[in-house]
K.L.:
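I'd like to ask you about the structure that follows.
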Amino acid sequence: MSETGTQSEAGTADGPRGDAIRGEALGSAPVPLSVLDLVTVGSGSTASRSLATSVELSRLAERRGYHRHWVAEHHSMPGVASSSPAVILAHLAAHTRRIRLGSGGVMLPNHAPLVIAEQFGTLEALAPGRIDLGLGRAPGTDGATAAALRRTDTLHEGADDFPEQLAELTRFLDDDFPDGHRYARIHAVPGPVQGPKGRPPVWLLGSSGFSARLAGLLGLPFAFAHHFSARNTIPALDLYRQSFRPSAVLDAPYTLIGVGALAADDEREAYRQVLTGALSMLRLRTGRPGLIPTPEEAEAYGFSPVEREFADDWLANVVYGTPDAVREGLDELRKRTGADELMLTANVHGGEARLRSYELVADAYGMPRLA
């Protein structure tokens, strides 16, 4: 049996529930629930305030039994303050005790594998047994910014070379380059060269079939970005499961999907909040990125017919409304996709609305209040 072949006991006061990958469903939730955080910055707010909200969110998620809290790498987006996941995760680790923390994800082609191994080795040393390393192959930004990050204009090479980069990163994490390899005498520190220790489990992230198939072939857990690529969700999950080969990491497939979700005390307020995210995405997709607009600004915006169609299509894949409606929507999505874990993201204007949503969802499922 692999290390993730069975569910573990409930956990301890100082460690995460579940094992290194699988979590524990609490209350009436059908699967473990988790948090995806873009550290969104709303109009009239600041990055400092948004980062403080992320700390509050991590504490709330830990207290209400959410399994993990991931932050995602994005660049050159005024409404998103998560350009440096490792830095944010170190801060969250200092303010939590149990919840798993990780990247959803780090964009591997933007960085040297050794640098990522060092950063996440450091995080593992700071929060042993609580760190996840989620990896993506997209730039997390536009082409010009990606070129600035990578100091090259040949951006296609990063995606094409992803399997090779992943293999190199894994060897740095395990400190097991073979004799004669040019990196055999190079060690990621903190890391195994200092003595036996755990290391973060690697996840592959994707919004299409490429990473789904690669994760399956390597026997790694797979996280799919349903929240912005909903039409590809089931095909990608099917491809992952069909491609899966048991490994030392997993003996069976394990899937997580990111879900746009917002619960509020009434349906009207939920719509007002999610409309801010829809308008923000519209502006981003049309080359006008900015801070997340206020609900008042979003309601007053004059959507053209084409823009209204985009917003409606976007909101069709967001689960929002009253707590009961959100619970029903999440249950239906889980049943339709067969996902093993749901990671909720609420990219709306206000921090208070986001915090309230995660509390209401936990209440809707009867999740306990942990010490």
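As the structure is a prediction and not an experimental result, all values here were calculated from the model.
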K.L.:
Of Val319, Leu315, Leu279, which is the lone residue that meets side chain to side chain contact (heavy atoms under 4.5 Å, CB included) with Val274?
P.N.:
Leu315
K.L.:
Looking at Ala261 and Ala346, what are the two nearest heavy atoms and their distance?
P.N.:
O-CB, 3.4 Å
K.L.:
Do Arg285 and Phe310 meet the cation-pi criteria used here (NZ or CZ under 6.0 Å from the six-membered ring centre, within 45° of the axis)?
P.N.:
no
K.L.:
Quick one about Ser208 and Asn232 (side-chain donor to acceptor, distance below 3.5 Å, no hydrogens or angles considered), yes or no?
P.N.:
no
K.L.:
I would like to know whether Tyr358 and Arg64 meet side chain to side chain contact (heavy atoms under 4.5 Å, CB included); could you show each step before the answer?
P.N.:
CA-CA 9 Å; Tyr358 286 105; Arg64 294 310 308 268; over 6 Å; no
K.L.:
Is Glu299 salt-bridged to Arg268, going by a charged N under 4.0 Å from an acidic O?
P.N.:
yes
K.L.:
Is the count of non-hydrogen atoms from other residues, nucleotides or ligands lying under 6.0 Å from Arg231 atom CZ greater than 12?
P.N.:
no
K.L.:
Show your working on side-chain hydrogen bond (donor to acceptor under 3.5 Å, both in side chains) between Thr255 and Glu341 and close with a plain yes or no.
P.N.:
CA-CA 7 Å; Thr255 59; Glu341 186 171 335; over 6 Å; no
K.L.:
Under a 4.0 Å N-O cut-off, is there an ion pair linking Glu352 with Arg356?
P.N.:
no
K.L.:
Taking the side chain as everything from C-beta on, heavy atoms only, tell me whether His187 gets closer than 4.5 Å to Gln194.
P.N.:
no
K.L.:
State whether Glu297 and Arg283 are salt-bridged, where the test is any N-O pair (Lys NZ or Arg NE/NH1/NH2 against Asp/Glu carboxylate O) under 4.0 Å.
P.N.:
yes
K.L.:
Take His69 and Asp37 through the side chain to side chain contact (heavy atoms under 4.5 Å, CB included) test and state the conclusion after the steps.
P.N.:
CA-CA 7 Å; His69 180 172; Asp37 185 4; 3.1 Å; yes
K.L.:
State, with a plain yes or no, whether a side-chain heavy atom of Val259 is found less than 4.5 Å away from one of Thr345.
P.N.:
no
K.L.:
I want to check something: taking the side chain as every heavy atom from C-beta on, are Thr53 and Arg354 in contact at a cut-off of under 4.5 Å?
P.N.:
yes
K.L.:
Would you say that more than 12 heavy atoms from the other residues, nucleotides or ligands in this model lie under 6.0 Å from the CZ of Arg288, or not?
P.N.:
yes
K.L.:
Quick check on the hydrophobic clustering: are Ile21 and Val31 connected, directly or via other members, by side-chain heavy-atom contacts under 4.5 Å?
P.N.:
yes
K.L.:
I need the single residue from Phe224, Trp70, Phe222 that forms a ring-ring contact (aromatic ring centres under 6.0 Å, His included) with Trp203. Which is it?
P.N.:
Trp70
K.L.:
What closest approach, in Å, do Ser82 and Ile88 show between heavy atoms, and which atom pair accounts for it?
P.N.:
CA-CD1, 3.7 Å
K.L.:
Is a side-chain donor or acceptor of Thr233 paired with a backbone partner of Ala230 at a separation under 3.5 angstrom?
P.N.:
yes
K.L.:
Quick check for you: to the nearest 0.5 Å, what is the distance between Ser304 atom OG and Glu309 atom CD?
P.N.:
9.5 Å
K.L.:
State, yes or no, whether a side-chain contact exists between Val249 and Tyr254 at a heavy-atom distance under 4.5 Å.
P.N.:
no
K.L.:
Taking the side chain as C-beta and beyond, is there a heavy-atom pair between Leu101 and Thr96 under 4.5 Å?
P.N.:
yes
K.L.:
More than 12 non-hydrogen atoms from neighbouring residues, nucleotides or ligands closer than 6.0 Å to CD on Glu296, yes or no?
P.N.:
yes
K.L.:
Please report the C-alpha distance between Thr294 and His349 in whole Å, then the side-chain angles of each, then the deciding distance to 0.1 Å, and finally whether the side-chain hydrogen bond (donor to acceptor under 3.5 Å, both in side chains) criterion is met.
P.N.:
CA-CA 6 Å; Thr294 65; His349 173 268; 5.6 Å; no
K.L.:
Quick check: is Leu38 connected to Leu60 through a chain of hydrophobic side chains (ILVMFWY, heavy atoms under 4.5 Å apart)?
P.N.:
yes
K.L.:
Mind listing the closest non-hydrogen atom pair of Ala86 and Gln119 along with its distance?
P.N.:
CB-OE1, 3.9 Å
K.L.:
Is there a donor-acceptor contact under 3.5 Å from the side chain of Asp266 to the main chain of Glu269?
P.N.:
yes
K.L.:
State the CE-CG distance between Met367 and Asp363, to the nearest 0.5 angstrom.
P.N.:
9.5 Å
K.L.:
In this structure, would Val41 and Val348 fall into the same cluster of hydrophobic residues linked by side-chain contacts under 4.5 Å?
P.N.:
no
K.L.:
Evaluate the ring planes of Tyr183 and His181, with Trp represented by its six-membered ring, and classify them as parallel (under 30°), tilted (30 to 60°) or perpendicular (over 60°).
P.N.:
tilted
K.L.:
If Ile, Leu, Val, Met, Phe, Trp and Tyr residues are connected whenever their side-chain heavy atoms lie under 4.5 Å apart, and connections chain through other members, are Tyr320 and Phe228 in the same group?
P.N.:
yes
K.L.:
Check whether Phe303 forms a cation-pi arrangement with Arg308 (NZ or CZ under 6.0 Å from the six-membered ring centre, at most 45° off the ring normal).
P.N.:
yes
K.L.:
Please work out which of the three classes, parallel, tilted or perpendicular, describes the rings of Phe177 and Phe172, given edges at 30° and 60°.
P.N.:
perpendicular
K.L.:
Can you list the steps and then say if Tyr301 with Leu275 is a side chain to side chain contact (heavy atoms under 4.5 Å, CB included)?
P.N.:
CA-CA 10 Å; Tyr301 182 81; Leu275 189 61; over 6 Å; no
K.L.:
If you take all heavy atoms of Glu359 and Arg369, which pair is closest and at what distance?
P.N.:
OE2-NH1, 3.3 Å
K.L.:
Find out whether Ser103 and Leu133 are in side-chain contact, i.e. whether some heavy atom of one side chain is under 4.5 Å from a heavy atom of the other.
P.N.:
yes
K.L.:
To the nearest 0.5 angstrom, please state how far the CD1 atom of Ile257 sits from the CG atom of Leu333.
P.N.:
4.0 Å
K.L.:
Do Val80 and Asn347 make a side-chain contact, defined as non-hydrogen atoms from C-beta onward lying under 4.5 Å apart?
P.N.:
no
K.L.:
Could you walk me through whether Glu332 and Lys335 pass the salt bridge (charged side-chain N to carboxylate O under 4.0 Å, His left out) test, one step at a time?
P.N.:
CA-CA 5 Å; Glu332 188 279 330; Lys335 183 177 180 180; over 6 Å; no
K.L.:
Leu344 and side chain to side chain contact (heavy atoms under 4.5 Å, CB included): which single residue from Val326, Leu262, Val361 fits?
P.N.:
Val361
K.L.:
To the nearest 0.5 Å, how far apart are CG in Leu123 and CD1 in Ile131?
P.N.:
5.0 Å
K.L.:
Of the non-hydrogen atoms in Arg49 and Gly44, which two are nearest, and what is the gap between them?
P.N.:
NH1-O, 3.8 Å
K.L.:
Quick check on Arg171: does its CZ atom have over 12 non-hydrogen neighbours (other residues, nucleotides or ligands) under 6.0 Å away?
P.N.:
yes
K.L.:
Are side-chain N/O atoms of Gln165 and His111 paired as donor and acceptor at under 3.5 Å?
P.N.:
no
K.L.:
Is Ser58 close to His95 at the side-chain level, that is, under 4.5 Å between some pair of heavy atoms?
P.N.:
no
K.L.:
Can any side-chain N or O of Ser211 pair as donor or acceptor with the backbone N or O of Ser207 at less than 3.5 Å?
P.N.:
no
K.L.:
For Thr322 and Ala325, indicate whether the former's side chain and the latter's backbone hold a donor-acceptor pair under 3.5 Å.
P.N.:
yes
K.L.:
Decide, yes or no, whether a salt bridge links Asp331 with Arg334 under the criterion of side-chain N to carboxylate O below 4.0 Å.
P.N.:
no
K.L.:
Taking the side chain from Ser28 and the backbone from Tyr365, do they hold a donor-acceptor pair closer than 3.5 Å?
P.N.:
yes
K.L.:
Identify whether Leu217 and Leu108 are in the same connected component of the hydrophobic contact network (ILVMFWY, side-chain heavy atoms under 4.5 Å).
P.N.:
no
K.L.:
Got a second to check how far Leu36's CG is from Arg68's CZ, nearest 0.5 Å?
P.N.:
12.0 Å
K.L.:
What's the spacing between Ser243 OG and Asp238 CG if we round to 0.5 Å?
P.N.:
10.0 Å
K.L.:
Compare every heavy atom of Arg130 with every heavy atom of Arg98, then report the nearest pair and how far apart it is.
P.N.:
O-CD, 3.4 Å
K.L.:
Side chain to side chain contact (heavy atoms under 4.5 Å, CB included) for Leu256 and Leu342? Distances and angles first, verdict last.
P.N.:
CA-CA 6 Å; Leu256 174 159; Leu342 300 179; over 6 Å; no
